[in-house]
Amino acid sequence: MEKVTDWLLLWQQLVTAQDRFWNLGKEKKKENKDFWKGRAQHFDKMVQKRWATPDASREFIVSSLKAHRNATVLDIGAGTGAWTLLMAKHAARVTAIEPSNAMCAVMEEKLAVENITNVTIVQGNWPNMTIDPHDFSFASHSMYGVADLKAFVEAMAQITRKTCFLLMRVLFANSVMAKAATHIWGQPYDSPNFQVAYNALMQMDIYPNVVMEAAGGWEPWRHDTINDAMGEVKKRFGIESDSAHDAFLIALLETSLREENDEYVWPVGNRSGIVYWDA
């Protein structure tokens, strides 16, 4: 019989592996270095492009806020403020936590343009901070860099009067990266994601509800050659100098990616989903 997975440990391992990828060829991140400096505006444009079409996540959050008048919301890892601005229009007050100076600057500009005055921006890293209680707490894709998911979630629950919401990437079971992860690591998760977090929550004796998007939403990866695509995969799995998996990866990519305008385009590999529970 298979051993029971320690989902909290798996989450920690995936965060560590992901951190190695993002710091590849660089000095280990320093606390005063802003990863998003020079990238925040581009990130905001990508979010705006994704938000050009309706989705179930936004509809659900807005309906939840409308059902509780004068609610206060904590937005953890607010980025350039897309969710903050949306929730501020339906809440009495929103506190937006964001560690990046560059992200905060873009968010402040957007709040000023829309004349939104019921938002307080707090610069800091969750969960290593003290925040007053709020009715709702919300985190959109901002938990992936936190190895201690248990601490992240418990801190949310401690300051939440009503409901905690986590919006995360849901990896398709038949996606290219899931197949690669299964071959290389023996399990189908290439990074911290919805499935791992959902099971980790149940391991913590939390049994959340789910709102799942109807379709995939993120822009597909594109590469000039199959070898470039394989290089991307090998970097993400930390096996650049290991050729043991090359034959499998080449075959997988050649049968999965499509050629379009002299590029190799990846199939959509994920969608988004919300888990939520009363604190």
Side-chain angles (χ1 to χ4, degrees), residues 8 11-12 15 29 31-36 40 43-44 47 57-58 60-62 64-112 114 116-168 192 194 197-198 200-201 204-206 208-209 274-279:
L8 288 166
W11 177 276
Q12 180 182 8
V15 170
K29 281 190 298 186
E31 289 187 12
N32 63 347
K33 183 177 181 181
D34 189 349
F35 174 84
W36 292 106
F43 173 86
D44 190 57
V47 173
S57 299
R58 276 173 279 153
F60 178 70
I61 294 299
V62 168
S64 298
L65 292 178
K66 285 182 175 179
H68 295 81
R69 297 184 62 184
N70 299 318
T72 57
V73 185
L74 179 67
D75 186 1
I76 300 170
T80 54
W83 280 101
T84 293
L85 270 70
L86 175 65
M87 294 187 292
K89 296 173 182 177
H90 305 281
R93 178 172 58 87
V94 177
T95 302
I97 296 175
E98 172 54 46
S100 164
N101 277 319
M103 292 289 208
C104 288
V106 175
M107 181 166 26
E108 288 172 352
E109 291 175 6
K110 293 168 66 175
L111 290 169
E114 297 203 26
I116 293 175
T117 59
N118 62 333
V119 171
T120 300
I121 299 176
V122 179
Q123 192 166 358
N125 289 282
W126 189 263
N128 304 315
M129 54 196 313
T130 301
I131 294 290
D132 291 336
H134 288 62
D135 297 313
F136 298 100
S137 59
F138 174 83
S140 171
H141 304 290
S142 58
M143 65 292 296
Y144 303 140
V146 179
D148 191 347
L149 182 64
K150 188 172 186 286
F152 188 101
V153 169
E154 287 180 342
M156 287 182 71
Q158 286 172 4
I159 58 88
T160 304
R161 300 188 188 98
K162 177 59 181 170
T163 308
C164 302
F165 301 92
L166 298 175
L167 177 64
M168 290 174 285
F194 177 99
Y198 184 88
L201 288 170
M204 293 172 61
D205 205 27
I206 296 172
N209 303 290
I274 292 178
V275 295
Y276 66 100
W277 67 96
D278 287 342

Basic-acidic side-chain contact under 4.0 Å: Lys162, Asp135: no

Side chain proximity check, Val153 to Ile206, heavy atoms < 4.5 angstrom: yes

Ser64 side, atom OG; Tyr276 side, atom OH - distance, nearest 0.5 Å: 7.0 Å

Side chains of Val275 and Leu201 in contact at under 4.5 Å (non-hydrogen atoms): yes

Under 3.5 Å: donor-acceptor pair, side chain of Glu98, backbone of Gly79: yes

Nearest non-hydrogen partners of Thr80 and Ala40, listed with the distance: CG2-O, 3.7 Å

Closest non-hydrogen atom pair between Met156 and Ser137, with its separation: CE-OG, 3.2 Å

CD on Gln123 to CD1 on Ile121, rounded to 0.5 Å: 9.5 Å

Closest heavy-atom pair and its distance - Ala91, Asn118: O-ND2, 3.0 Å

Test item: Asn209 side-chain N/O and Trp277 main-chain N/O as donor-acceptor pair under 3.5 Å: no

All ring-ring contact (aromatic ring centres under 6.0 Å, His included) counterparts of His68, not counting sequence neighbours: Phe136

With sequence neighbours excluded, residues passing salt bridge (charged side-chain N to carboxylate O under 4.0 Å, His left out) with Glu114: Lys89

Lys66: salt bridge (charged side-chain N to carboxylate O under 4.0 Å, His left out) partners, not counting sequence neighbours: none

Arg93: which of Val119, Asn70, Thr72 passes side chain to side chain contact (heavy atoms under 4.5 Å, CB included): Thr72

Residue pair Met168 / Met143: nearest heavy atoms and the distance that separates them: CG-SD, 3.5 Å

Parallel, tilted or perpendicular: ring planes of Phe194 versus Tyr198, cut at 30 and 60 degrees: parallel

Asp148: salt bridge (charged side-chain N to carboxylate O under 4.0 Å, His left out) partners, not counting sequence neighbours: none

From Ile274 atom CD1 to Leu167 atom CG, the distance as rounded to the nearest 0.5 Å: 5.0 Å

N/O donor-acceptor pair under 3.5 Å between Trp126 side chain and Ile97 backbone: no

Validation row: Ser57, Trp83 side chains within 4.5 angstrom (heavy atoms): yes

Atom pair CG (Asp75) and CE (Met87), whose distance is rounded to the nearest 0.5 Å: 4.0 Å

Contacts of type ring-ring contact (aromatic ring centres under 6.0 Å, His included), residue Trp11, not counting sequence neighbours: none

Over all atoms of both residues, closest heavy-atom pair of Ser142 and Ile76: OG-O, 2.7 Å

Candidate pair Met129 and Val122, rule side chain to side chain contact (heavy atoms under 4.5 Å, CB included), full reasoning: CA-CA 10 Å; Met129 54 196 313; Val122 179; 3.6 Å; yes

Any donor-acceptor N or O pair under 3.5 Å, side chains His134, Thr160: no

Closest contact, heavy atoms only, Ala279 versus Ala157: CB-O, 3.9 Å

Test salt bridge (charged side-chain N to carboxylate O under 4.0 Å, His left out) applied to Glu154 - qualifying residues, sequence neighbours left out: Lys150

Check against side chain to side chain contact (heavy atoms under 4.5 Å, CB included), Val73 and Leu65: CA-CA 9 Å; Val73 185; Leu65 292 178; 3.6 Å; yes

Side chain to side chain contact (heavy atoms under 4.5 Å, CB included) partner of Phe138, the single match among Thr163, Leu166, Ile61, Leu74: Ile61

